[in-house]
Novice: 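My questions all concern the structure below.
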Amino acid sequence: MARLEAADSRVYGIVKVTGYTSPTKVTVNVLNPLATTTATKIWSEGAWSPHQGFPRTVTLHQGRIYYGGTERRPLSVWASVVDDFQNMRQTTNNDGGRFLTLSAKEANRLMWMESQDKLLLGTSGNEWT
């Protein structure tokens, strides 16, 4: 069995919104060139920002850097590509970036992460592996 995957199936640009006029008009600083400046419905806000919050905890585990617990996603964990700490690109490959949210009965905030034989995660109410 073989799996084929397009390395870059979309062109991504990055902008920082610096001004808001209306739902269809904003002013931006271009951080990474866009393919076009025409209107689009395909966009997303970054996982970490002053609005979304920033990770509460970080650790290294098995060749990845793991970040966890933002203000808006207190039970979520982001992991880098293996041996590429600045690359968070998720793929279907085993060495790709990862994103997960703990399926907890209580919404206790992620407080710490520890690298042992397994990745250990601690919330204000539970411990996870």
Novice: Please determine whether side-chain contact (heavy atoms from CB on, under 4.5 Å) holds for the pair Tyr67 and Trp48, giving the CA-CA distance in whole Å, both sets of side-chain angles, and the decisive distance to 0.1 Å.
Specialist: CA-CA 10 Å; Tyr67 297 94; Trp48 310 330; 3.4 Å; yes
Novice: Quick check: closest heavy atoms across Met111 and Thr123, and the distance to 0.1 Å?
Specialist: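 Closest approach of Met111 to Thr123: CG-C, 3.8 Å.
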Novice: How many angstroms lie between CZ in Arg72 and NE2 in His51, if you round to the nearest 0.5 Å?
Specialist: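 Output value for this atom pair is 3.5 Å.
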Novice: Should the heavy atoms of other residues, nucleotides or ligands under 6.0 Å from CG of Asp117 be counted, would the total exceed 12?
Specialist: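 Counting neighbours around CG of Asp117, 12 or fewer heavy atoms of other residues, nucleotides or ligands fall under 6.0 Å, so no.
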Novice: Please report the closest heavy-atom contact between Ser124 and Asn108, naming both atoms and the distance.
Specialist: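 Heavy atoms only, the tightest pair is OG-CB, 3.2 Å.
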Novice: Between Tyr66 and Val81, is there a shared hydrophobic cluster once you connect ILVMFWY residues whose side-chain heavy atoms come closer than 4.5 Å?
Specialist: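 No; Val81 is not reachable from Tyr66 via cluster members.
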Novice: For Arg64 and Ala79, which heavy atoms make the closest approach, and how far apart are they?
Specialist: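 Answer, listing the atom of Arg64 first, then Ala79: CD-CB, 4.0 Å.
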Novice: Count I, L, V, M, F, W, Y as connected when their side-chain heavy atoms are under 4.5 Å apart, and connections chain through other members. Are Val30 and Val26 then in the same cluster?
Specialist: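 Val30 clusters together with Val26.
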Novice: Roughly how far, to the nearest 0.5 Å, is CG of Leu31 from CD1 of Ile14?
Specialist: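 So the gap between those two atoms works out to 6.5 Å.
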Novice: Looking only at heavy atoms, what is the nearest atom pair of Thr70 and Arg109, with distance?
Specialist: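 It is O-NH2, 4.5 Å.
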Novice: Between Ser80 and Asn87, is the side-chain contact (heavy atoms from CB on, under 4.5 Å) condition met? List the steps.
Specialist: CA-CA 6 Å; Ser80 72; Asn87 185 350; 5.9 Å; no
Novice: Report yes if some heavy atom in the side chain of Leu34 is under 4.5 Å from a heavy atom in the side chain of Val15; otherwise report no.
Specialist: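 The answer is yes, as the side chains (C-beta and beyond) meet within the 4.5 Å cut-off.
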Novice: Looking at Leu120 and Gln116, what are the two nearest heavy atoms and their distance?
Specialist: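 Residues Leu120 and Gln116, closest heavy atoms: CD1-CG, 3.5 Å.
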Novice: Given Leu119 and Thr129, is the side-chain contact (heavy atoms from CB on, under 4.5 Å) satisfied, shown in steps?
Specialist: CA-CA 6 Å; Leu119 180 63; Thr129 58; over 6 Å; no
Novice: Do Thr27 and Thr18 pair up side chain to side chain, a donor and an acceptor below 3.5 Å, judged on atom types alone?
Specialist: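 Side-chain D/A pair, Thr27 to Thr18: absent.
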Novice: Hydrophobic clustering (ILVMFWY, side-chain heavy atoms < 4.5 Å, transitive) - are Leu100 and Met88 grouped together?
Specialist: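 Result: no, two separate clusters.
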Novice: State, to 0.1 Å, how close Ser103 and Trp128 come at their nearest heavy-atom pair, and which atoms those are.
Specialist: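 It is O-CH2, 3.6 Å.
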Novice: Is Leu102 close to Leu121 at the side-chain level, that is, under 4.5 Å between some pair of heavy atoms?
Specialist: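 Side chain of Leu121 against side chain of Leu102, heavy atoms only: contact under 4.5 Å found.
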Novice: Side-chain heavy atoms under 4.5 angstrom apart, residues restricted to Ile, Leu, Val, Met, Phe, Trp, Tyr: same cluster for Leu60 and Phe54?
Specialist: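 Linked within one cluster.
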Novice: Using 0.5 Å steps for rounding, measure from the CG atom of Asn126 to the CG atom of Leu110.
Specialist: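 Reported to 0.5 Å precision, the distance equals 11.5 Å.
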Novice: Keeping the roles fixed (side chain from Arg56, backbone from Gly68), state whether a donor-acceptor pair exists under 3.5 Å.
Specialist: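 Checking the backbone N and O of Gly68 against the side chain of Arg56, no donor-acceptor pair under 3.5 Å is found.
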Novice: Only counting residues at least two apart or in another chain, list the ones meeting ring pair (Phe, Tyr, Trp, His ring centres under 6.0 Å) with Phe99.
Specialist: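 Result, ring pair (Phe, Tyr, Trp, His ring centres under 6.0 Å) vs Phe99: Trp78.
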Novice: Does Gln62 have any side-chain contact (heavy atoms from CB on, under 4.5 Å) partners at least two apart in sequence or in another chain, and if so, which?
Specialist: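 Gln62 satisfies side-chain contact (heavy atoms from CB on, under 4.5 Å) with no residue once adjacent residues are dropped.
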Novice: Heavy-atom count around Gln86 CD within 6.0 Å, excluding the residue itself: above 12?
Specialist: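 Incorrect, the count does not exceed 12.
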Novice: If we count only N and O atoms by modelled type, under 3.5 Å, do the side chains of Glu71 and Gln52 hold a donor and an acceptor together?
Specialist: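 Glu71 vs Gln52: no donor-acceptor pair found between side chains.
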